[in-house]
Amino acid sequence: MRAAVVAGLLALGVAAPAVAQESALLGRWRTPAEGGVVEIQRCGAALCGRLVDAAPLRADPDQRDVRNRDAAQRERPLRGLTVLRGFTGGPTEWRGGPLYDPNSGQTADRGTLTLQQGGQRLSVRGCIARVLCRTQTWRRAD
């Protein structure tokens, strides 16, 4: 019994830093395009982000993913759409992917999320290939 308690405490000690690291990234972030807001949250063993607000969604809440390069995906709703997933790491940098930009319809295979300015800004970098990358700066919304 004592061994189980010790093992449980050790597991908590290992898990606590990981939770603390990612908590700085969790929450809502304002994107530079069309007043977008992405909410980053825990999705299984990694972090993901979903589109929760944008000017087009305020005008038409039933807005669809019409710019998607995959015609089969163009009917899915933009509200709640996963735009980034599979990110792990911390405490200031996470790596993962893919990242999806609904404004261009492009998907970056891999990316990097880097906290800046005391956790108030987030550098979001997506790459299709090592040399074809784009970076945006998001601002904390909450």
Side-chain angles (χ1 to χ4, degrees), residues 2-70 72-142:
R2 184 173 180 208
V5 171
V6 171
L9 290 174
L10 287 174
L12 285 175
V14 171
V19 171
Q21 288 176 359
E22 71 187 25
S23 67
L25 191 61
L26 300 178
R28 292 182 175 216
W29 295 89
R30 294 193 185 283
T31 71
E34 300 191 54
V37 177
V38 172
E39 183 171 16
I40 297 178
Q41 59 194 20
R42 191 124 189 63
C43 296
L47 300 177
C48 67
R50 290 182 168 75
L51 182 64
V52 295
D53 193 22
L57 291 173
R58 289 188 292 277
D60 176 10
D62 195 39
Q63 192 78 5
R64 301 296 168 157
D65 189 16
V66 296
R67 294 184 180 143
N68 196 306
R69 294 191 175 199
D70 179 355
Q73 301 289 321
R74 292 182 186 151
E75 287 300 313
R76 63 187 183 167
L78 281 182
R79 186 177 306 279
L81 183 67
T82 299
V83 294
L84 59 91
R85 68 175 174 253
F87 282 82
T88 58
T92 59
E93 184 174 281
W94 290 260
R95 294 186 182 275
L99 293 96
Y100 176 66
D101 178 5
N103 288 321
S104 67
Q106 290 184 318
T107 300
D109 300 328
R110 59 188 175 82
T112 305
L113 306 174
T114 307
L115 278 175
Q116 300 174 335
Q117 293 188 345
Q120 295 305 303
R121 292 183 192 249
L122 181 64
S123 174
V124 179
R125 182 175 177 88
C127 299
I128 295 171
R130 289 187 190 262
V131 294
L132 298 173
C133 299
R134 190 174 96 198
T135 303
Q136 290 184 347
T137 299
W138 296 0
R139 296 172 186 230
R140 186 166 293 283
D142 48 22

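What you see is a predicted model; the values in this text were computed from it and never measured. Quick note: residue numbers are just sequence positions, from 1.
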side-chain contact (heavy atoms from CB on, under 4.5 Å) between Leu122 and Thr137, worked out: CA-CA 6 Å; Leu122 181 64; Thr137 299; over 6 Å; no
Within-4.5 Å side-chain heavy-atom neighbours: [X] and [Y]:
X: Thr107; Y: Asp70; result: no
X: Thr135; Y: Val124; result: no
X: Arg134; Y: Asp101; result: yes
X: Leu47; Y: Arg42; result: yes

To check you understand the geometry: which heavy-atom pair defines the closest contact between [X] and [Y], and what is its length?
X: Tyr100; Y: Leu81; result: CE2-CD2, 3.7 Å
X: Leu78; Y: Pro102; result: CD2-CB, 3.8 Å
X: Ala46; Y: Thr88; result: CB-CG2, 3.8 Å
X: Arg69; Y: Ser104; result: NE-O, 4.1 Å
X: Ile128; Y: Asp109; result: O-OD2, 3.2 Å
X: Asn103; Y: Ala33; result: ND2-CB, 3.0 Å

What is the distance from atom [atom1] of [X] to atom [atom2] of [Y], rounded to the nearest 0.5 Å?
X: Asp65; Y: Arg76; atom1: CG; atom2: CZ; result: 4.5 Å
X: Trp94; Y: Leu25; atom1: CH2; atom2: CG; result: 4.5 Å
X: Glu93; Y: Leu113; atom1: CD; atom2: CG; result: 9.0 Å
X: Gln116; Y: Arg139; atom1: CD; atom2: CZ; result: 11.5 Å
X: Asn68; Y: Gln106; atom1: CG; atom2: CD; result: 10.5 Å
X: Arg125; Y: Leu99; atom1: CZ; atom2: CG; result: 11.5 Å

Heavy atoms from other residues, nucleotides or ligands near [atom1] of [X] exceed 12 (cutoff 6.0 Å):
X: Arg30; atom1: CZ; answer: no
X: Arg74; atom1: CZ; answer: yes
X: Arg110; atom1: CZ; answer: yes

Under the salt bridge (Lys or Arg N to Asp or Glu O under 4.0 Å) rule, what do Glu39 and Arg50 come out as? Steps first, then yes or no, please. CA-CA 5 Å; Glu39 183 171 16; Arg50 290 182 168 75; over 6 Å; no
Tell me if a side-chain donor or acceptor on [X] pairs with a main-chain N or O of [Y] at a distance below 3.5 Å.
X: Trp138; Y: Thr31; value: no
X: Arg64; Y: Asp62; value: yes
X: Arg140; Y: Gly119; value: yes

